[in-house]
Asks: 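Encoded as C-alpha cells, here's the structure I'll be asking about.
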Amino acid sequence: MQLATFLLVIEDYMLPCLNKKLFGIDCPGCGLQRSIVLFLKGDFGAAFDMYPAIFTLIPLVLFSIASQFTRFRFDTYIKVTLGITSGAIILVNYILKMTHLTH
C-alpha cells in the first residue's frame with residue numbers, strides 16, 4: 001500500500017476524543033492523531049500547530065523502540081529528558097488552550 005493511500009485511509013478511522021464528546025472540552029491529547037498524519041504528509045508546520053509536542057514524542061517513541069534492540073550509553077537520561085520535555089510541552093500547550101477558552 002502506498003503512503004498516500006494509507007494516509008487517506010487512516011484519516012477515516014481516527015478515534016474521537018471521549019473527553020470532548022462527554023464534557024465538551026479538549027483533553028491534553030487532542031490533536032495528536034491529526035498531528036501525526038500531518039507530520040507523515042510532510043506538513044511539519046501544521047503538525048506543530050496542531051500538537052507542539054509531536055517533535056519530542058516522535059523521537060521519544062523511536063528512541064525507546066531502538067533502545068530495546070541496541071545499548072546506548074545514556075539511554076535512561078535521554079528517555080527521561082525527552083519524557084519530561086514532552087510532558088512540559090503538553091502541559092503548557094493545554095494550559096494555553098484552556099485559557100483561550102475562558103477569554
Side-chain angles (χ1 to χ4, degrees):
M1 182 186 313
Q2 294 178 346
L3 181 61
T5 307
F6 173 73
L7 293 175
L8 288 174
V9 170
I10 199 167
E11 286 180 343
D12 294 334
Y13 294 100
M14 288 189 187
L15 300 171
C17 178
L18 187 61
N19 192 58
K20 194 167 190 168
K21 282 194 178 264
L22 293 176
F23 304 114
I25 58 171
D26 289 349
C27 72
C30 278
L32 179 61
Q33 293 177 97
R34 289 174 290 180
S35 180
I36 291 170
V37 171
L38 289 167
F39 184 86
L40 292 174
K41 286 182 176 180
D43 196 351
F44 304 118
F48 179 80
D49 289 340
M50 183 67 61
Y51 199 76
I54 190 75
F55 290 105
T56 55
L57 288 173
I58 288 176
L60 176 60
V61 169
L62 293 176
F63 186 78
S64 295
I65 292 170
S67 68
Q68 296 297 316
F69 302 104
T70 306
R71 290 278 265 174
F72 294 100
R73 188 170 182 194
F74 298 108
D75 63 344
T76 303
Y77 177 75
I78 293 169
K79 287 180 199 174
V80 169
T81 303
L82 283 171
I84 290 172
T85 305
S86 297
I89 292 171
I90 292 167
L91 183 64
V92 168
N93 183 52
Y94 186 68
I95 290 170
L96 290 173
K97 199 186 299 187
M98 292 298 108
T99 57
H100 287 294
L101 290 177
T102 60
H103 290 98

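Quick note: numbers below take in every heavy atom, side chains included, and nothing from hydrogens, waters or symmetry partners. Index from 1, following the sequence. Note that the coordinates shown come from a computational prediction; the quantities given were computed from them, not determined experimentally.
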Asks: Determine all donor-acceptor pairs shorter than 3.5 Å in which one atom belongs to a side chain in residues 28-35; sequence neighbours excluded.
Replies:
from  : atom 1 : to    : atom 2 : distance (Å)
Gln33 : OE1    : Leu15 : N      : 3.0
Gln33 : NE2    : Leu15 : O      : 2.8
Ser35 : OG     : Ala47 : O      : 2.9

Asks: Got a sec, which residues hit ring pair (Phe, Tyr, Trp, His ring centres under 6.0 Å) with Tyr94, two or more places apart in sequence or on another chain?
Replies: none

Asks: Of all residues at least two apart in sequence or in a different chain, which pass the side chain to side chain contact (heavy atoms under 4.5 Å, CB included) check with Asn93?
Replies: Pro52, Lys97

Asks: With hydrophobic residues grouped by side-chain heavy-atom distances under 4.5 Å, do Leu62 and Ile54 end up in a single group?
Replies: yes

Asks: For residues Thr99 and Leu96, report the shortest heavy-atom separation together with the two atoms involved.
Replies: OG1-O, 2.9 Å

Asks: Can you pull out every ring pair (Phe, Tyr, Trp, His ring centres under 6.0 Å) where at least one residue sits in residues 33-53? Sequence neighbours excluded, please.
Replies: Phe39-Phe44, Phe39-Phe55

Asks: Any side-chain to backbone donor/acceptor pair from Asp26 onto Lys20? Under 3.5 Å, distance only.
Replies: no

Asks: Pair up each side-chain donor or acceptor in residues 72-85 with any protein partner under 3.5 Å, not counting sequence neighbours, and list the distances.
Replies:
from  : atom 1 : to    : atom 2 : distance (Å)
Lys79 : NZ     : Ser67 : OG     : 3.0
Thr81 : OG1    : Tyr77 : O      : 2.7
Thr85 : OG1    : Thr81 : O      : 2.7

Asks: Quick check: is Leu60 connected to Ile65 through a chain of hydrophobic side chains (ILVMFWY, heavy atoms under 4.5 Å apart)?
Replies: no

Asks: Could you report the tightest heavy-atom contact between Ala53 and Ser86, atom names first, then the distance?
Replies: CB-O, 4.2 Å

Asks: Just how far is it from atom CD1 of Ile95 to atom CD1 of Ile90, taken to the nearest 0.5 Å?
Replies: 12.0 Å

Asks: Among all residues two or more places apart in sequence or in another chain, which pass the salt bridge (Lys or Arg N to Asp or Glu O under 4.0 Å) test with Asp43?
Replies: none

Asks: Are Ile36 and Leu57 joined in one hydrophobic group, where the rule is that I, L, V, M, F, W and Y side chains link up if heavy atoms are under 4.5 Å apart?
Replies: yes

